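Bear in mind that the values here come from a model prediction, so they are computed numbers and not experimental data.
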Amino acid sequence: MSQALDTATIETINQYDAEKRFQYCVKEVVENREIWILTDADGCVMLNTEDEDCVPVWPNKEFAQAWANGEWEECKPEAISLNKWHSRWSHGLEEDDLSVVVFPNADQEGVIVFPDEFDFELKKQAQKR
């Protein structure tokens with residue numbers, strides 16, 4: 001279970017560029033053994049680019065919660081265990097031709113990767129521990 005983040009930490013991390021947020025997310029997910037998504041009555045929130053449909057993921061509840069406003073104000077952050085992500089989510093996302101947008105910021109900017117690429121980065125980080 002992750003520690004609650006203080007405001008100063010959140011503000012600092014929000015200044016990171018997409019690649020630095022990606023690296024932060026991978027480290028946090030492996031360390032805390034959970035990944036955060038947003039859900040609503042229809043299931044997992046999706047973002048769409050011109051080319052891809054993506055599931056946004058965040059490293060901490062606070063960042064996911066910050067997205068739950070405007071058109072997503074009905075959404076709730078939900079933690080998925082890292083084991084469940086590896087065993088069910090990655091495969092399911094691949095089957096559905098969905099990508100993962102890692103730690104999108106308020107401008108909806110984040111690193112978009114295929115589920116197997118994200119899995120690879122998570123497993124690589126886990127081996128460093």
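Nearest approach of Pro56 to Met46, heavy atoms of both residues: CD-CA, 4.2 Å. Nearest approach of Ile37 to Ile80, heavy atoms of both residues: CD1-CD1, 3.6 Å. Shortest non-hydrogen contact noted between Cys44 and Val55 is SG-CG1, 3.4 Å. Closest approach of Val45 and Thr39 over heavy atoms only: CG2-N, 4.3 Å. Pairing each heavy atom of Pro104 with each of Trp58, the nearest pair is O-NE1, 3.3 Å. Of all heavy-atom pairs between Cys54 and Thr49, the closest is SG-CG2, 4.4 Å.
Under the 4.5 Å side-chain criterion, counting only non-hydrogen atoms from C-beta, Trp36 is not in contact with Gln65. For the pair Val29 and Leu122, the minimum side-chain heavy-atom distance is below 4.5 Å. You'll find the side chain of Val100 stays beyond 4.5 Å of the side chain of Glu117, heavy atoms only. Under the 4.5 Å side-chain criterion, counting only non-hydrogen atoms from C-beta, Leu82 is not in contact with Ile35. Counting only heavy atoms from C-beta outward, the side chains of Glu94 and Asp116 approach each other to under 4.5 Å.
Using bins of under 30°, 30° to 60° and over 60° for the plane-to-plane angle, the ring pair Trp85/Phe118 lands in the perpendicular bin. Note: Phe63 and Tyr24 have perpendicular aromatic rings, judged against thresholds of 30 and 60 degrees for the angle between ring planes.
Linking Ile, Leu, Val, Met, Phe, Trp and Tyr residues whenever their side-chain heavy atoms come within less than 4.5 Å places Leu93 and Val113 in a single cluster.
Figure legend: cation-pi geometry between Arg21 and Phe103, with NZ or CZ positioned under 6.0 Å from the six-membered ring centre and within 45° of its axis.
Side chain of Asp107 to backbone of Glu109: no donor-acceptor contact under 3.5 angstrom is found. Put simply, the side chain of Glu62 gets close to the backbone of Leu5: a donor and an acceptor are under 3.5 Å apart.
From Asn105, atom CG reaches atom CD1 of Ile13 across 13.0 Å, with rounding to the nearest 0.5 Å. Distance check: Leu47 CG to Leu98 CG gives 11.5 Å after rounding to the nearest 0.5 Å. The line from CG of Asp17 to CD of Gln15 is 11.0 Å long, rounded to the nearest 0.5 Å. Interatomic distance, Glu74 CD to Leu38 CG, rounded to the nearest 0.5 Å: 12.0 Å. Residue Thr9 holds its OG1 atom at 11.0 Å from CG of Asn14, rounded to the nearest 0.5 Å. To the nearest 0.5 Å, the span separating OG on Ser81 from CG on Asn32 amounts to 12.5 Å.
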Candidate pair Thr7 and Ile10, rule side-chain contact (heavy atoms from CB on, under 4.5 Å), full reasoning: CA-CA 5 Å; Thr7 305; Ile10 291 170; 5.7 Å; no
Trace of the side-chain contact (heavy atoms from CB on, under 4.5 Å) decision for Trp89 with Asp119: CA-CA 10 Å; Trp89 277 77; Asp119 252 15; over 6 Å; no
Working for side-chain contact (heavy atoms from CB on, under 4.5 Å), residues Glu28 and Asn60: CA-CA 8 Å; Glu28 282 289 289; Asn60 312 91; 2.9 Å; yes
Derivation and outcome, side-chain contact (heavy atoms from CB on, under 4.5 Å), residues Val102 and Ile112: CA-CA 6 Å; Val102 179; Ile112 297 173; over 6 Å; no
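Under a cut-off of 6.0 angstrom, the local environment of OH in Tyr16 is crowded, with over 12 non-hydrogen atoms contributed by other residues, nucleotides or ligands. Around atom NE2 of His86, more than 12 heavy atoms belonging to other residues, nucleotides or ligands sit under 6.0 Å away.
A donor and an acceptor atom, one from each side chain of Glu73 and Asn69, are nowhere located under 3.5 Å apart. Checking Ser99 against Glu52 by side-chain atom types alone, a donor-acceptor pair falls below 3.5 Å.
Residue Gln23 is tested with Lys27, Glu19, Lys20 for a side chain to side chain donor-acceptor pair (under 3.5 Å); the sole match is Glu19.
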